[in-house]
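Shown next, in structure tokens, is the structure this report addresses.
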Amino acid sequence: MRSINEQGYHFEEWLTPSEIAKDVQQVAARINADYRDKEPLFVVVLNGAFVFAADLLRALSDVRCEVTFIRVSSYYGMATTGKLEFIVPLQQVVDNRDVIIVEDIVDSGLTIHQLKAHMRAQGASSVKVATMLYKPNKLEYDDAKPDYIGHEITDEFVIGYGLDFDGFVRNLDAIYKVKE
Ligand code: 5GP
């Protein structure tokens with residue numbers, strides 16, 4: 001098993017590149033079946049989702065689709081007024097489109113909760129969520145439960161395959177879990 005040290009923390013490999021590839025294929029098979037006759041718009045949430053999105057989209061052999069990118073930051077301090085700030089705003093018109101949001105990981109679900117509301121307000125006909133990882137124990141927003149999930153995980157902090165530690169290690173080819 002591979003391991004790395006990053007900023008004083010020890011991480012051990014948890015999902016290998018071939019295990020990740022299986023998860024991606026399983027998600028792609030479901031989207032291929034569900035969107036065969038549609039022309040969905042994939043909205044990839046930067047920065048973390050770019051690696052998963054690149055693999056997932058190339059596995060969608062049966063789906064004619066478009067892809068666009070957004071970058072957001074959400075404020076956790078004031079949960080009730082929790083406002084979504086678009087650092088890279090949505091460039092594409094989502095009115096009457098079947099939207100699939102692509103995320104690296106869904107944790108509290110705040111980002112997805114707010115993004116879904118935004119897409120609906122812009123007139124999207126449907127909004128689904130595909131994520132590489134999902135922390136079900138951490139979910140705080142019912143409507144943020146992802147529709148397509150690569151792998152579920154408990155509460156541990158993970159890095160690699162797009163997921164960062166203070167901006168670094170997104171380029172690791174596997175997903176690593178922090179060890180105490
Ligand atoms: P949410 O809005 O669902 O609470 O947060 C989702 C975001 O939190 C992810 O896009 C990611 O940036 C960050 N995040 C949550 N858990 C982890 C983790 O275990 N590792 C890393 N690197 N980021 C995480």
d(Leu115 CG, Glu103 CD) to nearest 0.5 Å is 7.5 Å

Can you confirm whether more than 12 heavy atoms, excluding those of Asp95, are under 6.0 Å from its CG atom? yes

Which atoms form the tightest heavy-atom contact between Met132 and Ile20, and what is the distance? CE-CG2, 4.1 Å

Nearest-0.5 Å distance, CD of residue Gln122 to CG of residue Leu90: 7.0 Å

Any side-chain donor-acceptor pair under 3.5 Å between Ser126 and Asp98? yes

Residues, nucleotides or ligands: over 12 heavy atoms within 6.0 Å of Lys138 NZ: yes

Heavy atoms only: give me the nearest Leu15-Ala174 pair and the separation to one decimal. O-CB, 3.2 Å

Check ring-ring contact (aromatic ring centres under 6.0 Å, His included) between Phe50 and all other residues, then give those that pass, not counting sequence neighbours. none

In the hydrophobic cluster built from side-chain contacts under 4.5 Å, what are the other members alongside Tyr9? Ile4, Phe11, Phe157, Ile159, Phe165, Phe168, Val169, Leu172, Tyr176, Val178

Electrostatic pair Lys135:Glu156 at N-O distance under 4.0 angstrom: no

Phe42 and Thr68, any side-chain heavy atoms less than 4.5 Å apart: no

Please examine the side chains of Pro136 and Tyr134, heavy atoms only from C-beta on, and report whether any two atoms are closer than 4.5 Å. yes

Atom pair NZ/OG1 of Lys22 and Thr16 - distance to nearest 0.5 Å: 7.5 Å

Under a 4.5 Å cut-off applied to non-hydrogen side-chain atoms, are Met1 and Trp14 in contact? no

Within a 6.0 Å radius of atom CZ on Arg2, are there more than 12 heavy atoms belonging to other residues, nucleotides or ligands? yes

List the atom of Leu41, the atom of Val94, and the distance in Å for their closest heavy-atom pair. CD2-CG1, 3.8 Å

Give the C-alpha distance, both sets of side-chain angles, the deciding distance and a yes or no for side chain to side chain contact (heavy atoms under 4.5 Å, CB included) between Tyr161 and Leu163. CA-CA 6 Å; Tyr161 197 68; Leu163 290 149; 5.7 Å; no

